[in-house]
Amino acid sequence: MTKRIAVIGGGIVGLATAYKLQEKMPDAKVVLFEKENKIGMHQSGRNSGVLHCGLYYQPGSLKAKLAVSGIQQMTDFCIQNNISHDICGKIVVASNEREINFLDDLADRGTKNGLAGLKFLTKEELTKREPFVSAKKALLVPQEGIVDYKEVMNTLASIIKMRGGEIILSTKITSVTNKGNTVIISDNKNEWEFDLIYNCAGLYSDRNYKKFTHKKRPLRIVPFRGEYLMLKPEAKKLVNHLIYPVPDPEYPFLGVHFTRLINGEREVGPNAVFAFKREGYSNMDFSIKDTLDSVTYIGFLKFIKNNFMFSMNELKSSLFISEFLKKAKKLIPDIDETMFVKGTAGVRAQAMDENGKLLMDFNIIREKNQIHVLNAPSPGATASLAIAAYIIENY
Ligand SMILES: Cc1cc2nc3c(=O)[nH]c(=O)nc-3n(C[C@H](O)[C@H](O)[C@H](O)COP(=O)(O)OP(=O)(O)OC[C@H]3O[C@@H](n4cnc5c(N)ncnc54)[C@H](O)[C@@H]3O)c2cc1C
């Protein structure tokens, strides 16, 4: 009998899952549901557009494994489908003694994760590559690159439809009920019956889990907004490729960085500000439901208590451009406010546990015929094809 499979969520993880399901089971009927009227409207269409190769992640973690295989799969997919991308490499810049130690650790981690060609740059090599960067020490990561994830998602969607799959837009799945060996899903107007469903709902993955399984959420998604500024055309020469700071190992955020986009624009960001709305892209956006969901969570209260200065600094960087640029000036001291215009913003779906710990690794759970992708933060876009293959194989 033909297997009927639903994917809930038309971000890059949902699309990659539908695509890989068709590869693995060519006879299956795959239907993807997206609540917006277009695919990729949230995290996947609002990120830095970077192909991460596995530098940062704990050796042996799922993230490390899937980032390394994910960048390869994503690059191959781009080559096969003529999607513009550029493996331009990036530098990670240490600005003080403490960061030099972390940078050495990062190089170590990268090597353990199998990255070849990592190289500390001499002053001359750095100046040749990025003449405006100031660094105490700089690591070149040659495998990293840039891509337009919207183009990747549009291509995935076209292939899914070409192979006989369906993408149903403007359809928010509101209930899921297990019925024998099948699952009934509904948007309040229509009902569909499937053998298996994948919840790839990004910022709503935890709430969907609770609604669909009637179980307590094992973690909570706490939204962290990331804001960007764009360099004006006359200041673009300050950035050639990708310029990253050494991230604080306590946090999953990579820190404000400079990115060359695939269309030639240059942006700087993102910060990591607690968002009062899960899909709220401005600092004026507010949702009572989303805010209460975070602030009544014991984990969130513990997080704020233990990370008060971090949270305040990020908030300041959202309210004052000078505070935002302080972070970027560490990398390129010559910048000033006149060189930038406001850019876009994205909101990260960051999972947190009851102890207030930000969960670094990808997290997937199966409950009967429902598979829930509960945490797929950065580098979830790079690793999406590898995440998809992994969950299909293992859950
Ligand atoms: C600011 C920022 C910068 C980042 N930079 C990078 C980067 O440079 N490189 C990288 O690899 N990763 C990056 N990431 C991470 C990456 O974007 C995410 O890991 C990835 O996009 C997650 O994809 P997703 O499909 O899980 O989520 P999403 O893209 O958020 O998709 C989830 C989809 O589910 C839909 N949905 C939710 N509930 C329902 C429902 N009930 N019914 C139907 N549809 C529903 C939503 O509308 C949404 O379209 C960044 C993220 C952010 C926010």
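Computed from heavy atoms alone, side chains included, the values below leave out hydrogens, waters and symmetry copies. Since this is a predicted model, take the numbers as computed values, not measurements. Each ligand, and each atom within it, is numbered from 1 in the order the structure gives.
Using a 4.0 Å cut-off between charged side-chain N and carboxylate O, Glu323 and Lys326 make a salt bridge. Checked for salt-bridge contact, Lys342 and Glu227 miss the test: no charged N lies under 4.0 Å from a carboxylate O. Taking a cutoff of 4.0 Å between a charged side-chain nitrogen and a carboxylate oxygen, Arg4 and Asp195 qualify as a salt bridge. Using a 4.0 Å cut-off between charged nitrogen and carboxylate oxygen, Asp206 and Lys210 do not count as a salt-bridge pair. Salt-bridge formation is not detected for the pair Glu99/Lys136: no Lys NZ or Arg NE/NH1/NH2 atom is positioned less than 4.0 Å from an Asp or Glu carboxylate oxygen.
Close contacts between ligand 1 and Phe33 involve ligand atoms 43 (C), 44 (N) [criterion: under 4.0 Å to a heavy atom]. Annotation for ligand 1: atoms under 4.0 Å from non-hydrogen atoms of Ile8 are 40 (C), 42 (N), 43 (C). When each atom of ligand 1 is checked for a heavy atom of Pro377 under 4.0 Å away, the hits are 19 (O). The atoms of ligand 1 that sit less than 4.0 Å from any heavy atom of Thr171 are 42 (N), 43 (C). Atoms of ligand 1 found under 4.0 Å from any heavy atom of Arg348 (numbered from 1 in listed order, with element): 52 (C), 53 (C). Those atoms of ligand 1 with a heavy atom of Thr382 less than 4.0 angstrom away are 9 (N), 10 (C), 11 (O). Annotation for ligand 1: atoms under 4.0 Å from non-hydrogen atoms of Glu36 are 47 (O).
Scanning all heavy atoms of the two residues, the minimum distance from Ile39 to Ala157 falls at CD1-CB, 3.9 Å. His85 approaches Cys78 most closely through the heavy-atom pair ND1-CB, 3.4 Å.
Taking any N or O of Glu279, backbone or side chain, none lies under 3.5 Å from an N or O belonging to ligand 1. Of the N or O atoms in Gly346, none lie within a sub-3.5 Å distance of an N or O in ligand 1. Taking distance alone, with nitrogen or oxygen atoms compared against 3.5 Å, Gln43 approaches ligand 1 more closely than that limit. Not a single N or O atom of Arg46, backbone or side chain, sits closer than 3.5 Å to an N or O atom of ligand 1. At under 3.5 Å, not a single nitrogen or oxygen of Val347, backbone or side chain, sits near a nitrogen or oxygen of ligand 1. For ligand 1, the polar-atom distance check against Tyr204 finds no nitrogen or oxygen pair separated by under 3.5 Å.
A 4.5 Å side-chain heavy-atom check between Ile371 and Ile364 finds at least one atom pair inside the cut-off. Put simply, the side chain of Arg217 reaches to within 4.5 Å of the side chain of Asp293, judged on heavy atoms.
Of the candidates Gly14, Ser44, Ala6, Gly10, it is Ser44 that places a heavy atom closest to atom 23 (O) of ligand 1. Between Ala201, Gly40, Gly226, Pro270, it is Ala201 that holds the heavy atom closest to atom 37 (C) of ligand 1. Selection from Asn47, Val7, Leu374, Ile12 by nearest heavy atom to atom 6 (C) of ligand 1 gives Asn47. Considering each of Lys172, Glu34, Met41, His257, the one bringing a non-hydrogen atom nearest atom 48 (C) of ligand 1 is Glu34. Comparing heavy-atom distances from atom 34 (O) of ligand 1 across Gly9, Gly49, Ala349 singles out Gly9 as nearest. If you check each of Ile185, Asn208, Val50 against atom 7 (C) of ligand 1, the one with the closest non-hydrogen atom is Val50.
Ring geometry, Phe224 versus Phe274: the interplanar angle exceeds 60°, so the pair is classed perpendicular (tilted spans 30 to 60°). Using cut-offs of 30° and 60° on the angle between ring planes, the pair Phe303 and Phe310 is perpendicular. The aromatic rings of Tyr56 and His52 stand perpendicular to each other, their planes meeting at an angle above 60°, with 30° marking the opposite boundary.
The number of heavy-atom neighbours closer than 6.0 Å to CD of Glu393, taken from other residues, nucleotides and ligands shown, is 12 or below. The environment of NZ in Lys119 is crowded: more than 12 heavy-atom neighbours from other residues, nucleotides or ligands sit within 6.0 Å.
At the shortest separation from atom 1 (C) of ligand 1 among protein heavy atoms lies Tyr228 OH, 3.5 Å. Ranking protein heavy atoms by distance to atom 44 (N) of ligand 1, first place goes to Lys35 N, 3.1 Å. Among protein heavy atoms, atom 31 (O) of ligand 1 sits closest to Gly11 CA, 3.3 Å. Closest to atom 16 (C) of ligand 1 among all protein heavy atoms lies Ala381 N, 3.8 Å. Nearest protein neighbour of atom 22 (C) of ligand 1, counting heavy atoms only, is Ala376 O, 3.7 Å. For atom 41 (N) of ligand 1, the nearest non-hydrogen atom of the protein is Ile173 O, 3.0 Å. Closest protein heavy atom to atom 26 (O) of ligand 1: Val13 CG2, 3.5 Å. Looking only at heavy atoms of the protein, atom 13 (C) of ligand 1 is closest to Ser378 OG, 3.6 Å.
Listed by chain and residue number, Phe33, Ile185, Phe194, Ile197 satisfy the side-chain contact (heavy atoms from CB on, under 4.5 Å) test with Ala6 (two or more places apart in sequence, or in another chain).
Centroid-to-centroid, the aromatic rings of Phe77 and Tyr19 come within less than 6.0 Å.
With a 4.0 Å heavy-atom cut-off, ligand 1 is reached by no atom of Ser384.
In this structure, Tyr149 counts as a contact residue of ligand 1, since one of its heavy atoms falls inside 4.0 Å of the ligand. Not a single heavy atom of Val373 sits closer than 4.0 Å to an atom of ligand 1.
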Notebook entry, point to check: Could you go step by step and tell me if Lys327 and Glu314 meet the salt bridge (charged side-chain N to carboxylate O under 4.0 Å, His left out) rule?
Noted result: CA-CA 10 Å; Lys327 297 171 190 283; Glu314 293 301 313; 2.9 Å; yes

